[in-house]
There are 2 protein chains.
Amino acid sequence: MTDPRFSTKQRILGAAEDLFARRGFAGASLRQVTSAAKVNLAAVNYHFGSKDRLIEEVFRRRLDELNAGRLAALKRALANPRPELEDVLAAFINPALELCLDKEGGAAFVRVLARAYAEHNERLRKFLSDNYGHVLKEFAAAFAKLLPHLDKEELYWRLDIVAGAVTYAMADFGVIKRRSGQSEREFRERAAEHLIRFAAAGLRE
Amino acid sequence: MTDPRFSTKQRILGAAEDLFARRGFAGASLRQVTSAAKVNLAAVNYHFGSKDRLIEEVFRRRLDELNAGRLAALKRALANPRPELEDVLAAFINPALELCLDKEGGAAFVRVLARAYAEHNERLRKFLSDNYGHVLKEFAAAFAKLLPHLDKEELYWRLDIVAGAVTYAMADFGVIKRRSGQSEREFRERAAEHLIRFAAAGLRE
DNA sequence: CAACGCTTCAAACAAACGTTTGAATTCTAG
DNA sequence: CTAGAATTCAAACGTTTGTTTGAAGCGTTG
């Protein structure tokens, strides 16, 4: 994050991601961010314009890739002539899991994402819905085909619950801690497995 | 909230609850709180000592009652010789639902509670676990009896997922909006029904 | 090397922050 | 009615906040 191989912009984004995850958008100051990134305070306003726009860029950097991954995984799942419910769930969850495990700062970002929900910030919600709403639409359509016994309202309710459970579990808000012998990857993969099985059961009824 | 029938202390707690829900703990300032409560700025430090202790009191005021309600409902559910899984889930969820619907500011508080999860704040987590951890233990024991086919680890995973879904749904982080013809009460009760059915299916597998 | 645009920098800005103070006011006993 | 405690109040404390400024440094291009 402070690695001088990375550009000033990247270092700021990395430090902001980490601090927003740990202290929230209001709780993390630009001085804390720039000091962690080892850049000058004014660099944020030079490169991003304002703190609000920095927050948006923290989202954009990850979500473009995450949502592309989710759509690609969905496409692969639906290539199968008789896709299983679990496959579509995995198409939604696994790219987020990979983000957590493989990308530097990915785990922090997932917590930032969960914070965005809690913020209830209209500006932020509009930004997310404008830029990434179509992804959720495509998944909703796929689930609708696999669950023809559910009417539209019933389906939306359940998807909303699934989204909540996924967000919460990925951000490890829960109380379950990784066991000492267990690797971070093992732990996360187990969490995803449980999540998929649980959500599938709840969706099917 | 600004009603002069209420004491200074109560007005501060009410205003703080509302503003913490909307802007977070760091995002809501004591000046905003005292101005909304129509009390003097210094009143917070006079009555509570500090902002941190005000935050704790916002939790304590509601959680004492909420958790007492949950334990009472659990006891009633277990009075039945063959209690259903749905009854225990309802014992956990319905008191939170009542808080949302019947208590002034209850809906705001549920969102404050969801923020506490997002905060990952060690001090806050310890406070909550010290004061209300025993409630979760009792529910876990009740679920364990009803789901003997699940080993301890499996059960804890699923309860963690349920807790996440409940928190998320109660704080209405989701995208589902109340229909125009529907009352807040109807809407919330539907949400709780869906939640119980979904969670029961996921727990039973 | 000179001139240029891009980036970094230390310093300062006004505003807002949590907290403290000491005097004014209100309430409560005796 | 009065003494003393409890509460409210305006004002100020020293920090920290996001943002702006103008000069200094940098690498590229003519």
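For clarity, every value in this text was computed on a predicted model and none was experimentally measured. Letters A, B, ... are given to chains in the order of the sequence lines, protein chains preceding strands, and every chain is numbered from 1.
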Using a heavy-atom cut-off of 4.0 Å across all strands, would you classify B:Ala43 as base, sugar-phosphate, or nothing? nothing
Can you tell me the distance, in whole Å, between the [atom1] atom of [X] and the [atom2] atom of [N]?
X       : N      : atom1 : atom2 : value
B:Asn45 : D:dA10 : CG    : C1'   : 15 Å
B:Gln32 : C:dA15 : CD    : C1'   : 13 Å
B:Arg31 : D:dT15 : CZ    : P     : 16 Å
A:Leu30 : D:dG18 : CG    : P     : 4 Å
B:Leu41 : D:dT8  : CG    : C1'   : 12 Å
B:Ile12 : D:dT8  : CD1   : C1'   : 11 Å
A:Asp52 : D:dT19 : CG    : C1'   : 13 Å
A:Arg11 : C:dT7  : CZ    : P     : 14 Å

Salt bridge flag under 4.0 Å for residues B:Glu186 and B:Arg190: no
If you measure from the Lys or Arg side-chain nitrogens to the Asp or Glu carboxylate oxygens, is any gap between B:Arg188 and B:Glu184 under 4.0 Å? yes
Any B:Ser29 side-chain N or O less than 4.0 Å from OP1/OP2 of C:dA16: no
So, is A:His47 near the phosphate of C:dC6, with a side-chain N or O under 4.0 Å from OP1 or OP2? no
Heavy atoms from C-beta onward define the side chain here; which of [options] lies closest to that of [X]?
X       : options               : result
B:Ala42 : D:dC9, C:dT19, C:dT8  : D:dC9
B:Tyr46 : C:dT20, C:dC17, D:dA6 : D:dA6
A:Asn40 : D:dT20, D:dC9, C:dA10 : C:dA10
B:Thr8  : C:dC17, D:dT8, C:dA12 : D:dT8

Can you tell me if A:Tyr132 and A:Asp64 form a side-chain donor-acceptor pair at under 3.5 Å? yes
Would you kindly say whether B:His47 and B:Glu57 are connected by a side-chain donor-acceptor distance under 3.5 Å? no
Sequence neighbours left out, what passes salt bridge (Lys or Arg N to Asp or Glu O under 4.0 Å) with B:Arg61? Give chain and number order. B:Glu17
